[in-house]
Trainee: 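This is the structure, below, for whatever I ask next.
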Amino acid sequence: MNGLLTDLYELTMAAGYFEAGKASQRATFEFSVRRLPANRNFILAAGLPEVVDYLLNLSFTRDEINYLRGLPQFVNASPEFFEYLANFRFTGDLFSVPEGTPLFAGEPLLVIRAPIIEAQIPETYVLSAITFPTLVATKAVRCVEASGGREVVEFGTRRAHTPEAGVIGARAAYMGGCSGTSNALAGFRYGIPVMGTVAHSWVMSFAGEAKAFRLLQRLMGAHTIQLIDTYSTVEGARLAAQLGNPIWGVRIDSGDLLPLSREVRGILDGAGLQHAKIVASGDLDEHKIRDLVAGGAPIDSFGVGTQLATSADAPAMSAIYKLVELDVNGIQRFTSKLSEDKVSIPGAKQVFRDVARDVVARSGECGRGEALLRPVILAGRLVEPLPTLEQARRRAAESLGKLPAALRQLETAEPWPVIYSRELRELIEQTRRNLATCAPSL
């Protein structure tokens with residue numbers, strides 16, 4: 001894994017730690033979210049496999065090290081620092097909540113404990129690798145919830161910020177409850193069901209719709225989904241009905257989907273094609289899906305692209321990766337940031353979830369309910385194989401099913417109770433007192 005895939009300041013800090021003699025100090029960093037994204041009652045944790053792969057394979061090549069040597073920021077770094085990078089490997093610990101776990105503001109999603117340079121360098125990658133799929137997975141939950149049990153298919157790769165983001169997003173969307181994806185590589189790589197029809201270019205490439213429909217039917221047989229809105233949705237539906245079986249269904253990609261879907265359903269049923277399904281797509285999101293379902297639209301499946309693949313209404317979240325604890329020659333020092341609106345909470349933590357609330361406690365405390373943070377990597381080695389995508393998907397469904405129904409709705413609801421344990425509250429107060437009495441010095 002490319003060691004330069006990070007922000008420069010992670011590497012300048014690494015050099016600074018090394019030259020200050022701090023390389024052996026053991027640091028604990030935590031990933032959490034200060035505030036939930038807009039219109040969200042929770043986030044659904046995703047992205048752990050990318051973090052694990054990064055940590056287990058993180059290294060620097062000679063060319064990368066020579067590049068750093070040539071930067072002015074490293075002009076005073078010692079030769080020993082660059083040799084340190086040449087032998088760099090992650091030897092620390094990673095704790096994480098399992099993928100598919102709903103979380104709330106202020107709760108640690110992931111903890112890294114390692115020699116300080118090994119814990120610092122991953123910051124940028126970890127923030128990126130967790131934030132994006134978590135946003136998409138959370139958006140998928142909302143779309144699936146709005147669908148009232150009808151299929152939602154992820155259609156967003158062409159609108160994703162990069163092609164690889166499309167693959168990662170497809171995985172996250174499936175974990176969040178989508179039935180499948182249009183992304184062939186995601187299907188190959190992760191075993192996600194792949195679904196798709198044709199583009200309008202297929203229809204337009206023939207002199208008439210009839211030939212395009214007949215040839216598609218000849219190719220795909222019972223899996224045929226006719227795209228019927230290239231010219232006229234109603235006339236396209238009539239043509240598909242005249243051709244009859246074999247057919248899986250039709251897709252409508254434009255227009256007023258509520259009346260169109262009703263008219264198309266009537267045409268298909270009138271031709272004896274009651275089994276043929278209607279797929280709707282075209283700039284859909286959870287609100288449009290909910291309105292269509294509430295209006296009684298006879299739509300069987302929703303294809304969601306742009307809004308899902310980019311989490312368009314909440315494309316970022318206030319994720320942070322903060323130093324909370326430092327072990328200096330066996331002496332434990334707790335750290336906290338006191339900046340206005342950006343306060344961080346000291347000490348390594350655990351989250352306990354029972355049926356009524358979450359308790360954020362100090363690491364090592366006992367609590368009621370499920371302990372969410374679990375060891376993933378210890379001393380640089382994977383503890384056990386990660387759960388499969390199907391297992392993460394099941395966990396998501398089961399965990400979401402235990403939340404109050406109001407939290408799963410599209411509107412902002414009364415927050416899930418998250419409290420600090422007595423021991424953590426005491427540590428916060430003691431740390432702040434200690435910081436208040438420390439006079440700045442050179």
Side-chain angles (χ1 to χ4, degrees), residues 140 142-156 173 177-182 193-308 410:
R142 291 169 61 82
C143 292
V144 171
E145 183 70 27
S147 74
R150 307 179 197 191
E151 284 192 342
V152 176
V153 181
E154 186 278 318
F155 271 13
C178 286
S179 302
T181 178
S182 64
V194 289
M195 304 174 184
T197 57
V198 293
H200 294 98
S201 55
W202 167 264
V203 177
M204 292 186 291
S205 73
F206 295 94
E209 273 187 312
K211 187 172 184 180
F213 283 16
R214 281 197 302 271
L215 290 177
L216 184 66
Q217 196 174 44
R218 184 184 303 171
L219 174 69
M220 301 192 70
H223 301 285
T224 301
I225 302 176
Q226 301 286 13
L227 180 58
I228 60 175
D229 72 325
T230 303
Y231 306 116
S232 164
T233 299
V234 172
E235 291 306 315
R238 288 176 178 147
L239 178 56
Q242 290 169 12
L243 289 173
N245 288 309
I247 187 172
W248 186 91
V250 299
R251 178 163 73 100
I252 311 170
D253 191 50
S254 60
D256 190 338
L257 295 174
L258 181 56
L260 282 174
S261 63
R262 287 173 174 163
E263 191 165 1
V264 169
R265 183 75 270 164
I267 291 169
L268 295 174
D269 289 352
L273 298 175
Q274 290 85 352
H275 67 282
K277 301 181 184 301
I278 298 176
V279 180
S281 57
D283 295 321
L284 294 177
D285 63 11
E286 62 267 46
H287 299 284
K288 293 178 181 178
I289 291 172
R290 182 178 62 179
D291 291 346
L292 286 166
V293 171
I299 295 170
D300 301 284
S301 181
F302 297 96
V304 186
T306 304
Q307 298 294 319
L308 177 53
L410 304 188

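What you see below is based on every heavy atom in this structure, not just the backbone, and it leaves out hydrogens, waters and symmetry mates. Numbers for residues simply follow the sequence, beginning at 1.
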Trainee: Might you point out which heavy atoms bring Val153 and Ser301 nearest each other, and give the distance in Å?
Mentor: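 Scanning both residues, the minimum pair turns out to be CG2-OG, 3.8 Å.
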Trainee: Identify the heavy atoms of Leu227 and Val198 that sit nearest to each other, and give their distance.
Mentor: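 Minimum heavy-atom separation between Leu227 and Val198: CD2-O, 3.3 Å.
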Trainee: Report, one line per pair, each donor and acceptor closer than 3.5 Å where one atom sits in a side chain of residues 237-248; sequence neighbours left out.
Mentor:
residue	atom	partner	partner atom	Å
Arg238	NH1	Glu235	OE2	2.5
Asn245	OD1	His275	NE2	3.0

Trainee: Answer yes or no: are there more than 12 heavy-atom neighbours, outside His287 itself, under 6.0 Å from its atom NE2?
Mentor: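 Enclosed: over 12 neighbouring heavy atoms sit under 6.0 Å from NE2 of His287.
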Trainee: Using the rule given for side chain to side chain contact (heavy atoms under 4.5 Å, CB included), can you reason through Asp283 versus Lys288, listing the C-alpha separation, both sets of side-chain angles and the distance that settles it, and then say yes or no?
Mentor: CA-CA 9 Å; Asp283 295 321; Lys288 293 178 181 178; 4.1 Å; yes
Trainee: Can you list everything that forms a side chain to side chain donor-acceptor pair (under 3.5 Å) with Glu286? Sequence neighbours excluded, please.
Mentor: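 By the side chain to side chain donor-acceptor pair (under 3.5 Å) rule, Glu286 matches Lys139, Arg142.
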Trainee: So, does Asp300 use its side chain to make a donor-acceptor pair with the main chain of Lys277 at under 3.5 Å?
Mentor: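 Not a single qualifying donor-acceptor pair exists.
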Trainee: Please enumerate all residues that pass ring pair (Phe, Tyr, Trp, His ring centres under 6.0 Å) together with Tyr231, with sequence neighbours excluded.
Mentor: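 If we apply the ring pair (Phe, Tyr, Trp, His ring centres under 6.0 Å) test to Tyr231, skipping adjacent residues, there are no hits.
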Trainee: Of all residues at least two apart in sequence or in a different chain, which pass the side chain to side chain donor-acceptor pair (under 3.5 Å) check with Thr306?
Mentor: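 Residues passing side chain to side chain donor-acceptor pair (under 3.5 Å) with Thr306: Arg159.
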Trainee: Under a 3.5 Å distance rule, please check whether Glu145 uses its side chain to pair with a backbone N or O of Ser147 as donor and acceptor.
Mentor: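 Such a contact is absent between Glu145 side chain and Ser147 backbone.
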Trainee: Looking at every heavy atom in both Ser261 and Ala297, which two are closest together, and how far apart are they?
Mentor: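 That closest heavy-atom pairing would be OG-CB, 3.7 Å.
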Trainee: Output all residues satisfying side chain to side chain donor-acceptor pair (under 3.5 Å) with Thr197, sequence neighbours left out; order by chain, then residue number.
Mentor: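 Residues passing side chain to side chain donor-acceptor pair (under 3.5 Å) with Thr197: Arg251.
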Trainee: Please report the closest heavy-atom contact between Val304 and Cys143, naming both atoms and the distance.
Mentor: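 Heavy atoms only, the tightest pair is CG1-SG, 4.3 Å.
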Trainee: For Asp291, which residues count as a side chain to side chain donor-acceptor pair (under 3.5 Å) partner, sequence neighbours excluded?
Mentor: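 Testing Asp291 for side chain to side chain donor-acceptor pair (under 3.5 Å), a comparison that skips the adjacent residues, returns none.
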